[in-house]
Structures are given as C-alpha cells and as structure tokens.
Trainee: 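Quick one: structure below, then a few questions.
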Amino acid sequence: MGNIWIVTKREFASFFATPVAYVFIAIFLMLSGIFTFFIGNLYERGQADLIPFFNFHPWLYLFLVPAIAMRSWAEERKSGSIELLMTLPISAAEAVVGKFVAAWLVLGLALGLTFPLWLSVDFLGQPDHGIIVAAYIGSWLMAGAFLAISTCMSAFTRNQVVAFILAVVVCFLFVVSGSSIVLDAFQPWAGNLILDTVASFSFLSHFEAMAKGVLALNDVGYFFIIMLVWLYASLIVIEQKKAD
C-alpha cells in the first residue's frame, strides 16, 4: 500500500503541475452546467432534483475521461520514462493501481466541485438528498469504469491520440450495449440469454438505477468488476510491452 500511495501522490501532483487537470475540471463544470440548465431544462421541469445533471454523465465521461487518461501510459512509453518507473522498487501492479487512483481522485474532485448544483436544487425545493448522494456515488463508480478502460487503451500505444480514439470506441460499446439499436441487431439470431448478457454490460442500465437512488449490490459490483478486469488487462499489456 505504501508504494501505491507514493505513485498516487506523484501522479496526482503531475496532473496539477500542467494545465491538464485544470482544463479538464473547467470543461467538466462548464458542460455540466450547460447540460443541466439549458439542455436538461432544470428550471422548466419544476422539480427539485438533479436528474438532468446525472442523465448526461455517461456522455460527458465518454469523451472527457479518455482525454484525461490517454497520457497515463502512452506518454510514459513515448518519453521512455516507463523504463525509469519500472526500475524503482515498485511492482508494475502498484504502478497501475497508483496511476489509476490518482486519475480517479481527479475525477472525484471534478465531480465534487459540482456541489453548487446541489445547493441550487436545495434552494429551489426539497430534494431527496439520499437519492442525490447515491447518484454521486454511482457517477464516480461509473467514471472509474470509464477510466480503467481508458487506462488500458493508453497502455496499448505510445500515441495519445490513438489511445483516446480506442478508449472512446470501447467505452461507447459499453454505453450503448443495452440500447434497443444494439439489441435489435442481435434479435434475429440470438436467444434471450445472449440478449440479456449483452444488455447486462451496459453502463447506462447499471447507472440509471443508481441515479434514481438505488445502490444495488449488483450494480456497484458490476462497476468494480469492470475496473478490476481492465486494470488487470492494463497490467498484462504493460508487462508484455516492457521491452518496447
């Protein structure tokens, strides 16, 4: 744990040593406000809740999370600093987890800075704070799933743009896997078991319940499993590409 914390602190500080974290947080906050008030019609709905705010999170994360994660390993490999990192008395697994936790904390900070929206609906009415807390937790877990996938894609290549595109494509598949368009494509030849399996991978279906205040064990577990699987995949890729 000590080594993981060292890597986490190093990576977290590196985000704020450059404009990366500041730009990401500013864009996230700006888009959150636009989607909530203008596109989500928060005032016009006449309801004191943050449903319009959370409904857009999967689509915000689809592009913003790969943007912040694309440099995590691609830049290390391109600059050659990965060789120095691997000579330190830390394991590859500790480096993977440390980098992931640092980026996840940045995402959590950006999410936390949206608290004025919460204050706004509290001023406008009497929202169910339990539902809002559950939605925030669910959003952070979903952001972690996006981040784990994006981190793995970054480990595949030295090129940050390629890492970004790969991450967006893979994350998009996870977002829309439960949509009617995708399921209709499987309908003619797939049985119910296959359809249910494909739909179960959808980020949307698992997050929608959380956004309504239901923190079910299967939804929470799903996002943690996604994170663990893709971080393990990242570890395998990094171990195989050490010599590149």
Trainee: So does Trp104 get a backbone contact from the side chain of Trp140, meaning a donor-acceptor N/O pair under 3.5 Å?
Mentor: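 Present.
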Trainee: Quick one: do Phe56 and Ile131 end up in the same hydrophobic cluster if we chain Ile, Leu, Val, Met, Phe, Trp and Tyr together by side-chain heavy atoms under 4.5 Å apart?
Mentor: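 Result: no, two separate clusters.
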Trainee: Do Val101 and Leu228 share a hydrophobic cluster (ILVMFWY, side-chain heavy atoms under 4.5 Å, transitive)?
Mentor: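 Per the 4.5 Å side-chain linkage, Val101 and Leu228 are not co-clustered.
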Trainee: Name the orientation class of the two ring planes belonging to Tyr61 and Phe28 (parallel below 30°, tilted from 30 to 60°, perpendicular beyond 60°).
Mentor: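 Because their plane-to-plane angle is under 30°, the rings of Tyr61 and Phe28 count as parallel.
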Trainee: Is there a path of hydrophobic side-chain contacts, each under 4.5 Å between heavy atoms of I/L/V/M/F/W/Y residues, joining Val214 to Ile51?
Mentor: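 No, no single cluster joins them.
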Trainee: Please find out if less than 6.0 Å separates the ring center of Phe53 from that of Phe35.
Mentor: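 No - the distance between ring centres of Phe53 and Phe35 does not fall below the 6.0 Å cut-off.
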Trainee: When rounded to the nearest 0.5 angstrom, what distance separates CE in Met210 from CE in Met142?
Mentor: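 It comes to 9.5 Å.
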Trainee: Taking all non-hydrogen atoms of both residues, which atom of Ala95 and which atom of Val7 are closest, and how far apart?
Mentor: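 Closest approach of Ala95 to Val7: O-CG1, 3.9 Å.
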Trainee: side-chain contact (heavy atoms from CB on, under 4.5 Å) between Ile137 and Val220: does it pass, once the steps are laid out?
Mentor: CA-CA 9 Å; Ile137 294 172; Val220 174; over 6 Å; no
Trainee: Counting C-beta onward and ignoring hydrogens, is there a side-chain heavy-atom pair between Val121 and Ile132 closer than 4.5 Å?
Mentor: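 In contact.
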Trainee: Could you tell me if the side chain of Asp122 sits less than 4.5 Å from the side chain of Pro127, heavy atoms only?
Mentor: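 Touching, per the 4.5 Å side-chain cut-off.
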Trainee: Taking Glu208 for its side chain and Ser205 for its backbone only, find out whether a donor-acceptor pair lies under 3.5 Å.
Mentor: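 Absent.
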Trainee: Under 6.0 Å between the ring centres of Phe15 and Phe24?
Mentor: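 Distance test on ring centres: not under 6.0 Å, no.
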Trainee: From Leu141 CG over to Asp219 CG, what is the distance, rounded to the nearest 0.5 angstrom?
Mentor: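 CG of Asp219 is found 10.0 Å from CG of Leu141.
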Trainee: Where the side chain of Thr36 meets the backbone of Ser32, is there a donor-acceptor pair that is under 3.5 Å apart?
Mentor: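 Present.
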Trainee: Can you give me the closest heavy-atom contact between Ala135 and Ala211, atom names plus distance?
Mentor: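 Minimum heavy-atom separation between Ala135 and Ala211: CB-CA, 3.8 Å.
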Trainee: Applying side-chain contact (heavy atoms from CB on, under 4.5 Å), run through Ile68 and Leu64 and close with a yes or a no.
Mentor: CA-CA 6 Å; Ile68 200 173; Leu64 294 182; over 6 Å; no
Trainee: What closest approach, in Å, do Ile226 and Ala148 show between heavy atoms, and which atom pair accounts for it?
Mentor: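 In this case the closest contact between Ile226 and Ala148 is O-CB, 4.4 Å.
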Trainee: Answer yes if Leu166 and Val237 sit in the same cluster of Ile, Leu, Val, Met, Phe, Trp and Tyr residues linked by side chain heavy atoms under 4.5 Å apart, and no otherwise.
Mentor: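 Yes; tracing contacts between hydrophobic side chains, which count when under 4.5 Å, links both residues.
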Trainee: Run the side-chain hydrogen bond (donor to acceptor under 3.5 Å, both in side chains) test against Trp118 and tell me which residues pass, sequence neighbours left out.
Mentor: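 Once residues adjacent in sequence are excluded, the partners of Trp118 under the side-chain hydrogen bond (donor to acceptor under 3.5 Å, both in side chains) criterion are His129.
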Trainee: Who pairs with Ala26 by side chain to side chain contact (heavy atoms under 4.5 Å, CB included), at least two apart in sequence or on another chain?
Mentor: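 With sequence neighbours excluded, Ala26 shows a side chain to side chain contact (heavy atoms under 4.5 Å, CB included) to no residue whatsoever.
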Trainee: For the pair Thr114 (side chain) and Leu117 (backbone), establish whether a donor and an acceptor sit closer than 3.5 Å, ignoring hydrogens and angles.
Mentor: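 Judged by distance alone, no pair lies under 3.5 Å.
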Trainee: Begin with the C-alpha distance, continue with both residues' side-chain angles, and end with the deciding distance and a verdict on side-chain contact (heavy atoms from CB on, under 4.5 Å) for Ser14 and Arg71.
Mentor: CA-CA 11 Å; Ser14 72; Arg71 61 185 287 272; 4.3 Å; yes
Trainee: Walk me through whether Leu231 and Leu235 qualify under side-chain contact (heavy atoms from CB on, under 4.5 Å).
Mentor: CA-CA 6 Å; Leu231 287 178; Leu235 176 61; over 6 Å; no
Trainee: Say you draw a straight line from CG of Leu111 to CD1 of Ile25; how long is it, rounded to the nearest 0.5 Å?
Mentor: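 So the gap between those two atoms works out to 11.0 Å.
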Trainee: Take the angle between the ring planes of Tyr136 and Phe54 and call it parallel below 30°, perpendicular above 60°, tilted in between.
Mentor: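 Plane angle over 60°, so perpendicular.
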Trainee: Got a second to check how far Phe100's CZ is from Cys152's SG, nearest 0.5 Å?
Mentor: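 So the CZ of Phe100 and the SG of Cys152 are separated by 12.0 Å.
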Trainee: Using only atom types and a distance under 3.5 Å, with no angle test, would you say the side chain of Lys99 pairs donor to acceptor with the backbone of Ser72?
Mentor: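 Checked: pair present.
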Trainee: Would you give the length of the straight line joining atom OG of Ser177 to atom CZ of Phe172, rounded to the nearest 0.5 angstrom?
Mentor: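 It is 10.5 Å, given to the nearest 0.5 Å.
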Trainee: Less than 4.5 Å apart, side chain to side chain, heavy atoms only: is that true for Leu31 and Trp59?
Mentor: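 They are not in side-chain contact.
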Trainee: Starting from Leu119, walk the hydrophobic network (Ile, Leu, Val, Met, Phe, Trp, Tyr; side-chain heavy atoms closer than 4.5 Å) and list everyone else you reach, by chain and number.
Mentor: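 Leu119 shares its hydrophobic cluster with Phe115.
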Trainee: Would a distance-only check, ignoring hydrogens and angles, find a side-chain to backbone donor-acceptor pair under 3.5 Å from Thr151 to Leu147?
Mentor: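 Judged by distance alone, yes, a pair lies under 3.5 Å.
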Trainee: Quick check: Phe174 with Phe146 (ring centres under 6.0 Å apart)?
Mentor: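 Centroid distance Phe146-Phe174: not below 6.0 Å, so no.
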Trainee: So which atom in Val106 and which in Ala21 form the shortest heavy-atom distance, rounded to 0.1 Å?
Mentor: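 So the two residues come closest at CG1-CB, 4.4 Å.
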Trainee: Identify the two heavy atoms, one from Val162 and one from Asn159, that lie closest to each other, and give their separation to 0.1 Å.
Mentor: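 Looks like N-OD1, 3.1 Å.
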Trainee: May I ask you to check whether Phe223 and Phe203 place their ring centers less than 6.0 Å from one another?
Mentor: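 For Phe223 and Phe203, the ring centres are under 6.0 Å apart.
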Trainee: Hey, any chance Leu217 and Val229 share a hydrophobic cluster, counting ILVMFWY side chains that come within less than 4.5 Å of each other, even indirectly?
Mentor: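 They do not share one cluster, since no chain of ILVMFWY contacts under 4.5 Å joins Leu217 to Val229.
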Trainee: Which distance, rounded to the nearest 0.5 Å, do you find between the CG of Leu50 and the OG of Ser139?
Mentor: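 Reported value, rounded in 0.5 Å steps: 11.0 Å.
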Trainee: So, for Val175 and Ser202, which heavy atoms are closest and what is the spacing to 0.1 Å?
Mentor: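 Heavy-atom minimum between the residues: O-OG, 3.2 Å.
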Trainee: Is it true that atom OH of Tyr232 has more than 12 heavy atoms of other residues, nucleotides or ligands lying nearer than 6.0 Å?
Mentor: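 No - once you tally the heavy atoms of other residues, nucleotides and ligands closer than 6.0 Å, there are 12 at most.
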